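Here is the structure we will look at.
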Amino acid sequence: MSSDTRRRKATKIRHLLETEGESVQENTTHFNEERYDAVEEFDNYEAVRTEARAIKENAIEQLPELVETLRDSIEENGGNLYIADDAVDANAYIRDVVGEVGGDSVVKSKSMTTEEIEVNEALEADGVDVWETDLGEFVLQVADEAPSHLVGPSLHRTTDDVADLFNRYFDPEEPFETAEQLTEFARDYLGDRIRAADVGMTGANFVLADSGTITLVTNEGNARKCAVTPDTHIAVTGVEKIIPSLSDLGPFIELIARSATGQDISQYVSLFSPPTESPTLDFKNADEPVFGSNKDRSFHLVLIDNGRLKMREDEQLRETLYCIRCGACANSCANFQHVGGHAFGGETYTGGIATGWETGVHGIESSTEFNDLCTGCSRCVTACPVKIDIPWINTVVRNRINHDHDRAEYDFLVEGLTPDEEPAGLDLQKRAFGNFETMAKVASQTAPISNWMLDSSLVRDVLSRFVGIDQRRKFPSFQRESLVDWFEARGGSRVCSANRTAVLYPDVYTNYVLVERGKDAVKVLESLGVEVIIPNISGSGRAPLSQGMIDTAESKARQVFDQLRSYIDAGTDVVVIEPSDLVMFRYDYEKLLPMHAFNILSENSYEILEYVFGLLENGADAESLSSADSRLAYHSHCQQRTLGLDAYTEAVFDRLGYDVITSDVECCGMAGSFGYKSEYYELSMDVGSTLADQFTEETDRTIVASGTSCTEQLTDLLGSGVKHPVEILASDEP
């Protein structure tokens, strides 16, 4: 990526932060908080998620058979099923249907699939009036804007924005001011158009193969009106929306509203097996106490392929088809919460899952612009009602983007000189951050000269210009003596022949930068009677994986497992300080290692405060740990929360009698290398400011954070030092 491209991207993000960020954050935060409450009150939530996931897996596996079953059902009902290869094919069919009935006007309910194929533009080219009847979509139609969210398409706009827009566009006698006035006007205005329409068009949240039933899940009554008021109904949806039968629908109805907006159930759950037998009302003769014409109702279900069947055969993108379009991945994402779908999205789709959809239906080039906004924090995985591994999809696409270049004549030279497994055409910024371990080793060996050089204006300017490292970020201070070197010079562990022995994993930052943190971790473990081992082990591969460098991450994973295997076989535990490295061992390595290797490592690895908690529960002496800093303000790492491990740190602090306030902000905004990149610096700091606001007034408390990124970000934002929990617990004794 060129420096000009980075500047353009930074300018766009800055503009969206200023113009849309506040409204997006307010709305997505509300959705997210409501989802928390709805999930907490739903006792069977995890079981239902598992059931829904299994149904989708089965449905996608059996998709060809389900399509044929659905065809028979639709035709038996008297309807028509058309499978469109792509957007052009779908629009041609829809235009023919509208033309055959002499349709001059079409009313639509909200449908991302019709956004995907741009059906409005296709019909308008034929002179057909097309009206969006969902309030949010109607706002966007008037504003000529794209949706910014899968569920709330206009949530980037405030009530005042919409009032100003409608006042300019419709010029009412009395200016609109309130949400109630706007809603009442839209209801009446669109109601007239629904009654006058020749064709109604809807999407479909789910399609039941055995009965030909379509399911619409909405919070407005417009969808069912569009489906039954005109004589002709066209439903447009992706082939992935088919599930076998009504008995499979229940879990999705339980989940979709809870995941999207935090409601127990949507306002309207409508099931149709069209064409319906009821004739339409004759609105032109409203005084007549009879129904309207006896013309046969017609129904057309247009199933869209548009790349989906190819996605089904793609092992890495297939999970995208399990998506039920709830938008929870966007609501749970800190970056999306601050910048919205007009940055975190492509031609049609927005949020974390957008990478999979855009790559599958529009091509990988549509994902390139926003893919890096996913930081891999994994919060969306726990939010997704069907457990889609969204960060992995983003990583896979990032990897494909890395490899999607024309090979130059001398690429082989670069491949031979770089310490990774990636092709020579890799973006320089990604290569630099992906090889942080190599840089850290060299910088440590040459410290303090390396620190002086990295702090010089000349080097900072070069790194800014060619690598895109923002000059406003401070570089870490590399230590000449690494943690591994210190431990060896120390003579190893001072606790021998103990009941428990643990390998303290020397992650890259702890080993070369935050060495004192590593020393404190040793003190804590030894004070609790654990014999400590710190071998010289490779980095986990987190850095290259974050840049989409999967081959390099896989190589690192194999090295780590080979280096730790003998210790684990001997009954030694693996204790990890940095949460992002533990996530590699317990989560990401499932994709990078053979299953037996992943199971061995994941089952024997522990986050350090999780391990301390276990030791205390099993009789270790709590009085050996420090309680000098009694008043704390604590923030847990986002991936620590994803693994459900933050409770252990809080439990240890509580057990030792600390007075702790805990942040409920889920992300610090740094996210490893993300906060260093010049195009994302403003966004990173904007996300971080939400966290900083919680701790700004806590001047009498020691700020504590569990992750390196969190400590760096909070130090920058608050202007004071931030400690890791092990630094709090370690005694002052040498």
Side-chain angles (χ1 to χ4, degrees), residues 1 3-33 136 139-140 143 145-150 152-162 164-165 327 329-346 349-352 354-355 368-375 377 379-380 429 464 468-473 638 665-696 709-710 712-714 716-718:
M1 185 188 301
S3 56
D4 287 342
T5 301
R6 291 191 184 97
R7 279 194 294 271
R8 285 196 298 271
K9 182 176 283 192
T11 299
K12 177 182 178 181
I13 288 175
R14 191 181 308 115
H15 172 72
L16 290 172
L17 285 170
E18 294 170 354
T19 58
E20 299 182 4
E22 184 176 350
S23 183
V24 171
Q25 185 177 4
E26 179 181 349
N27 285 298
T28 54
T29 300
H30 173 72
F31 284 160
N32 216 29
E33 291 173 347
V139 169
L140 297 183
E145 288 181 342
S148 61
H149 189 278
L150 292 179
S154 62
L155 57 68
H156 59 285
R157 283 185 167 270
T158 65
T159 299
D160 289 343
D161 288 337
V162 177
D164 290 343
L165 173 69
C329 58
N331 300 337
S332 63
C333 173
N335 283 341
F336 188 98
Q337 287 173 6
H338 286 251
V339 80
H342 288 156
F344 204 148
Y349 297 102
T350 59
T355 290
T368 303
E369 181 69 16
F370 68 90
N371 174 260
D372 283 348
L373 283 167
C374 172
T375 62
C377 73
R379 285 164 53 195
C380 55
Q429 185 187 72
S464 174
I469 298 177
D470 199 281
Q471 297 194 50
R472 290 165 287 188
R473 281 290 184 198
C638 55
V665 176
E666 293 183 316
C667 185
C668 71
M670 187 68 178
S673 63
F674 181 82
Y676 279 95
K677 297 178 180 179
S678 58
E679 60 269 38
Y680 301 128
Y681 175 80
E682 279 92 354
L683 174 56
S684 171
M685 296 300 282
D686 196 63
V687 172
S689 66
T690 307
L691 172 60
D693 288 345
Q694 286 203 334
F695 288 164
T696 299
S709 294
C710 310
E712 285 187 323
Q713 182 79 314
L714 280 168
D716 281 354
L717 288 164
L718 300 175

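What you see is a predicted model, and the numbers here were worked out from it, not measured in a lab. In this chain, residues are counted from 1 in sequence order.
- Just one residue in the list Glu145, Glu22, Glu26 forms a salt bridge (Lys or Arg N to Asp or Glu O under 4.0 Å) with Arg157, and that residue is Glu145.
- For Asp160, the side-chain contact (heavy atoms from CB on, under 4.5 Å) test picks out Thr158, with sequence neighbours left out.
- Expressed to the nearest 0.5 Å, how far CG of Asn331 lies from CG of Leu150 amounts to 9.0 Å.
- Cys329 and Gly352 make their closest contact through SG-N, 3.7 Å (heavy atoms, listed as atom of the first residue, atom of the second, distance).
- Two residues are said to be in side-chain contact when any heavy atoms from C-beta on lie closer than 4.5 Å; Glu20 and His15 fail this criterion.
- Asp372 contributes atom CG, which lies 4.5 Å from atom NZ of Lys677 (distance to the nearest 0.5 angstrom).
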Thr350 vs Ser148, side chain to side chain contact (heavy atoms under 4.5 Å, CB included): CA-CA, chis, key distance, verdict: CA-CA 7 Å; Thr350 59; Ser148 61; 5.7 Å; no

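- With sequence neighbours excluded, the residues satisfying side-chain contact (heavy atoms from CB on, under 4.5 Å) with Gln694 are Ser663, Asp664, Val665.
- Evaluation of the salt bridge (Lys or Arg N to Asp or Glu O under 4.0 Å) test over residues 680-690, restricted to residues two or more places apart or in two chains, returns Arg14-Glu682, Arg472-Glu682.
- Annotation: the span from Phe695 atom CZ to Leu714 atom CG amounts to 6.5 Å, rounded to 0.5 Å.
- Residues satisfying the ring-ring contact (aromatic ring centres under 6.0 Å, His included) test with Phe370, not counting sequence neighbours, are none.
- Annotation for Leu717 and Ser689: closest pair CD1-N, 4.2 Å, computed over non-hydrogen atoms.
- Counting heavy atoms from C-beta on, the side chains of Phe344 and Cys374 come closer than 4.5 Å.
- Considering only residues two or more places apart in sequence or on other chains, Glu33 meets the salt bridge (charged side-chain N to carboxylate O under 4.0 Å, His left out) condition with none of them.
- Interatomic distance, Ile13 CD1 to Tyr680 OH, rounded to the nearest 0.5 Å: 5.5 Å.
- A donor-acceptor pair is defined here as one N or O able to donate and one able to accept, closer than 3.5 Å; such a pair exists between the side chain of Thr29 and the backbone of Gln25.
- Leu373 contributes atom CG, which lies 12.5 Å from atom NE2 of His338 (distance to the nearest 0.5 angstrom).
- Leu691 and Cys667 make their closest contact through CB-O, 4.4 Å (heavy atoms, listed as atom of the first residue, atom of the second, distance).
- Ser678 contributes no side-chain N or O that, together with a main-chain N or O of Asp470, makes up a donor-acceptor pair within less than 3.5 Å.
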Worked verdict on His149 versus Val24 for side chain to side chain contact (heavy atoms under 4.5 Å, CB included): CA-CA 9 Å; His149 189 278; Val24 171; over 6 Å; no

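- For Cys377, the side-chain contact (heavy atoms from CB on, under 4.5 Å) partners two or more places apart in sequence, or in a different chain, are Thr375, Arg379, Cys638.
- Side-chain atoms of Leu683 and Phe674, non-hydrogen and from C-beta on, do get closer than 4.5 Å to each other.
- Summarising the geometry of Asp161 relative to His156, their closest heavy-atom pair is OD2-O, 4.4 Å, with the distance given to 0.1 Å.
- Asn32 contributes atom CG, which lies 12.0 Å from atom CG of Asn27 (distance to the nearest 0.5 angstrom).
- Nearest approach of Gly672 to Ser709, heavy atoms of both residues: N-OG, 2.7 Å.
- Other residues, nucleotides and ligands contribute over 12 non-hydrogen atoms within 6.0 Å of the CD atom of Gln471.
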Thr11 and Arg8: CA distance, side-chain angles, deciding distance, side-chain hydrogen bond (donor to acceptor under 3.5 Å, both in side chains) verdict: CA-CA 5 Å; Thr11 299; Arg8 285 196 298 271; over 6 Å; no

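- A heavy-atom distance below 4.5 Å is found between the side chains of Arg473 and Ser684.
- Looking only at distances, no side-chain donor or acceptor of Glu679 sits under 3.5 Å from a matching main-chain atom of Lys9.
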